[in-house]
Amino acid sequence: MKVTFLGTGTSQGIPVIGSTHPVCLSTDPKDKRLRVSVLIEWDRYTYVIDCGPDFRQQMLNAQCTRLDGVIFTHEHADHTAGLDDIRPFYFKQGDIPIYAHSRVLKALKDRFDYIFETENKYAGAPGVTPIKIENKPFEVGNLTVVPISGMHYKLQVFGFRFLQFAYLTDMKTIREEEIDKLKGVKVLVVNALRETEHISHFNLEEALELIDKVKPERAYLTHISHMLGFHDEVEKKLPKNVFLAYDNLQIKI
Ligand SMILES: [Zn+2]
Ligand SMILES: [Zn+2]
């Protein structure tokens with residue numbers, strides 16, 4: 001299985017528009033972060049987790065030519081705003097399966113009503129096959145994916161386990177029985193916004209605590225704010241099996 005980090009930034013991305021913060025002005029490519037998403041490829045399958053406002057650029061960067069589906073963590077715009085840009089895949093392949101909690105599907109239907117239209121649909125609009133997911137394993141391609149439910153302050157969000165790989169983002173709290181579902185993963189991706197506390201995201205300390213409980217071989221941090229600091233400086237402070245993810249990083253599991 002190959003995972004490509006398409007974006008590793010928090011909701012505003014890095015640089016933030018108009019910001020003169022030193023991290024936003026950094027010339028290190030690792031300090032440039034599009035909105036969070038990963039591309040997961042195995043056998044002949046290609047899926048993305050989330051489809052934010054940078055989706056088009058991310059598909060071009062990854063030279064992605066086929067998409068078997070989009071799996072959504074939650075409905076926030078930084079994870080969903082690029083849905084219209086699945087059009088090139090739809091034109092080639094037909095309706096694109098989208099997997100999400102029923103609440104998230106409803107939010108997408110409200111925002112992208114024309115995509116879900118069944119009568120007199122605009123010919124240029126993309127089409128999707130909505131697939132409702134609950135907090136129980138579901139099939140994606142030839143794999144069983146295990147959802148990991150957590151809380152993003154008051155909003156429920158899903159993380160996902162694909163065999164030895166698990167991806168969590170926008171989590172602030174996670175129950176012990178959900179953490180148990182992560183046991184035995186080789187690679188764990190967790191959101192870590194910044195060092196200071198935040199109401200709806202793990203800060204660095206909380207992310208490291210979770211990693212310490214799960215004990216994966218390797219962990220990568222994502223959904224990063226410019227306030228966390230320069231990539232190279234932050235990475236030096238991390239435990240030896242924990243890394244900051246960066247855009248276009250590819251890992252094999
Ligand atoms: Zn987010
Ligand atoms: Zn969010």
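For the numbers below, each heavy atom of this structure counts, side chains included, while hydrogens, waters and symmetry mates do not. We count ligands from 1, going down the list as the structure has it; atoms in each ligand are counted the same way.
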Report task. Quick one: closest heavy-atom pair of M59 and V48, and the distance? Result -> CE-CG1, 3.8 Å
Query - Name of whichever N/O/S atom of H76 is nearest to the Zn ion (ligand 2) - result: ND1
Report summary line: Per residue D78, nearest N, O or S atom to the Zn ion (ligand 1) is named OD2
Query - Sidechain-backbone polar pair: R87 side chain, G124 backbone, donor-acceptor under 3.5 Å - result: yes
Query - Under 3.5 Å side-chain donor-acceptor pair for Q156 and R103 - result: yes
Report summary line: The single option from H79, H74, H223 that satisfies ring-ring contact (aromatic ring centres under 6.0 Å, His included) with H152 is H74
**Report entry** Metal site the Zn ion (ligand 2): N/O/S of H79 inside 2.8 Å
**Finding:** no
Report task. Tell me, please, if D170 has any N/O/S atom, main chain or side chain, under 2.8 Å from the Zn ion (ligand 2)? Result -> yes
**Report entry** Nearest to the Zn ion (ligand 2) - the N/O/S atom of H74, by atom name
**Finding:** NE2
Query raised in the report: Does the ring centre of Y122 sit less than 6.0 Å away from the ring centre of Y114?
Result: no
